[in-house]
Amino acid sequence: MIDTNELAKRNAGFADGGSFADLRLMPSGSLTVISCVDPRVDPSDVLGLKLGEAAVIRNVGGRVTPATLRTLGMLSEVVQARTGGPGPGDHYAVLHHTDCGITDLAAFPELLAEYFEVPAGDLDAKAVTDPVAAVRVDAEILKQKLRAGVFVSGLVYDVATGSSTSSSRPREWKHDTARRLRPVWPARLPWACGLYRALHPWPVVSAGRRFPACATITGTPRPRRCGQRLASRRDRLLTR
């Protein structure tokens with residue numbers, strides 16, 4: 001067992017190294033990692049992170065629960081108060097792993113329902129027993145809840161091989177938001193149609209197209225049966 005004296009000894013060695021000097025509240029890597037409490041899956045070692053590079057949130061299974069979202073909201077408020085920035089980072093990575101202990105809790109649906117704050121009947125959507133599907137579920141939740149302009153990615157760490165694979169490609173939510181806000185103009189604006197008709201007293205159409213109404217060569221509209229073909233523009237020009 002690692003006792004208090006051992007912890008103090010190790011801390012003294014850490015303090016002598018001075019690696020903590022000049023670190024700031026904001027992670028230098030603009031990264032926030034959400035991972036499991038499993039001792040085999042320490043993000044600092046698994047992902048090769050240095051002190052101060054990332055903010056790390058750890059819980060059972062590394063899941064994005066309502067409590068996790070509340071924690072992220074609190075972190076955003078702290079950063080806003082301290083630096084004026086919008087949040088603790090621009091990249092949010094969800095780190096799940098194989099052989100996770102949360103799979104053993106599948107036999108306790110009431111406990112999991114309380115953990116995820118959902119009805120027990122909705123637990124299947126959380127994919128508790130499948131880390132690949134689960135990390136996609138959690139990454140999608142972050143994409144929906146986080147502010148625009150951040151990356152969200154998902155990783156699954158294999159405790160047997162020590163390697164991790166990406167289960168959801170990083171997505172720039174800002175891109176989708178910009179696309180939604182971009183004005184979509186109609187193919188032909190009303191004022192453009194009016195200007196077009198003023199400059200062209202007869203309709204300019206391609207041969208073979210059908211219209212419910214037509215115009216004479218002088219521009220005076222006259223009714224006709226639906227489906228009747230217009231004469232080509234060349235013929236109308238010749239007769240005019």
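What you see below is based on every heavy atom in this structure, not just the backbone, and it leaves out hydrogens, waters and symmetry mates.
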Side-chain heavy atoms nearer than 4.5 Å, only ILVMFWY residues, links allowed to pass through others: does that put [X] and [Y] together?
{"X": "V137", "Y": "L69", "value": "yes"}
{"X": "I102", "Y": "L155", "value": "no"}
{"X": "L75", "Y": "V64", "value": "yes"}
{"X": "L72", "Y": "F116", "value": "no"}
{"X": "V37", "Y": "I34", "value": "no"}

Only counting residues at least two apart or in another chain, list the ones meeting side-chain contact (heavy atoms from CB on, under 4.5 Å) with [X].
{"X": "A55", "answer": "T32"}
{"X": "D122", "answer": "V118, P119"}
{"X": "V41", "answer": "D38, V46, L95, H97, Y157, V159"}

request  = Could you identify which residues cluster with V79, counting Ile, Leu, Val, Met, Phe, Trp and Tyr as linked when any side-chain heavy atoms lie under 4.5 Å apart, either directly or through a chain of such contacts?
outcome  = M26
ask   = Hydrophobic cluster mates of L7, side-chain heavy atoms under 4.5 angstrom, ILVMFWY only, any path?
value =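 Its cluster mates, by chain and number, are I2.
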Looking only at heavy atoms, which two atoms of [X] and [Y] are closest? And how far apart?
{"X": "S153", "Y": "H91", "answer": "OG-NE2, 2.6 Å"}
{"X": "V33", "Y": "A54", "answer": "CG2-CB, 4.4 Å"}
{"X": "P43", "Y": "V56", "answer": "CG-CG1, 3.9 Å"}
{"X": "T98", "Y": "V156", "answer": "CG2-CG1, 4.5 Å"}
{"X": "A127", "Y": "A134", "answer": "O-CB, 3.3 Å"}
{"X": "C100", "Y": "C36", "answer": "SG-SG, 3.9 Å"}

Rounded to the nearest 0.5 Å, what separation is found between the [atom1] atom of [X] and the [atom2] atom of [Y]?
{"X": "D124", "Y": "K126", "atom1": "CG", "atom2": "NZ", "answer": "12.0 Å"}
{"X": "S44", "Y": "K50", "atom1": "OG", "atom2": "NZ", "answer": "12.5 Å"}
{"X": "E53", "Y": "L23", "atom1": "CD", "atom2": "CG", "answer": "10.0 Å"}
{"X": "N59", "Y": "S35", "atom1": "CG", "atom2": "OG", "answer": "8.0 Å"}
{"X": "R136", "Y": "D130", "atom1": "CZ", "atom2": "CG", "answer": "8.5 Å"}
{"X": "I141", "Y": "L146", "atom1": "CD1", "atom2": "CG", "answer": "11.0 Å"}

What residues, two or more places apart in sequence or in another chain, satisfy side chain to side chain donor-acceptor pair (under 3.5 Å) together with [X]?
{"X": "T161", "value": "S163"}
{"X": "T65", "value": "T68"}
{"X": "R82", "value": "none"}

ask   = Is the backbone N or O of G62 less than 3.5 Å from a side-chain atom of H96, with the two atoms forming a donor-acceptor pair by type?
value = yes
inquiry  = If we ignore hydrogens and angles and just use 3.5 Å, is the side chain of Y115 paired with the main-chain N or O of V60 as donor and acceptor?
reply    =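 Looks like yes, one N/O pair under 3.5 Å.
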task = Kindly indicate, with the supporting measurements, whether the criterion side-chain contact (heavy atoms from CB on, under 4.5 Å) is fulfilled by R147 and D90.
result = CA-CA 10 Å; R147 70 185 190 278; D90 295 325; 3.3 Å; yes
message = Listing request: all side chain to side chain donor-acceptor pair (under 3.5 Å) pairs with a residue in residues 6-23, at least two apart in sequence or in separate chains.
response = E6-R10
query = Can you find a pair of side-chain heavy atoms, one from E140 and one from V152, that are under 4.5 Å apart?
reply = no
Quick one: salt bridge (charged side-chain N to carboxylate O under 4.0 Å, His left out) partners of [X], sequence neighbours excluded?
{"X": "E117", "result": "R70"}
{"X": "R24", "result": "none"}
{"X": "D99", "result": "R40"}

inquiry  = Parallel, tilted or perpendicular: which one describes the rings of F20 and F14, with boundaries at 30° and 60°?
reply    = tilted
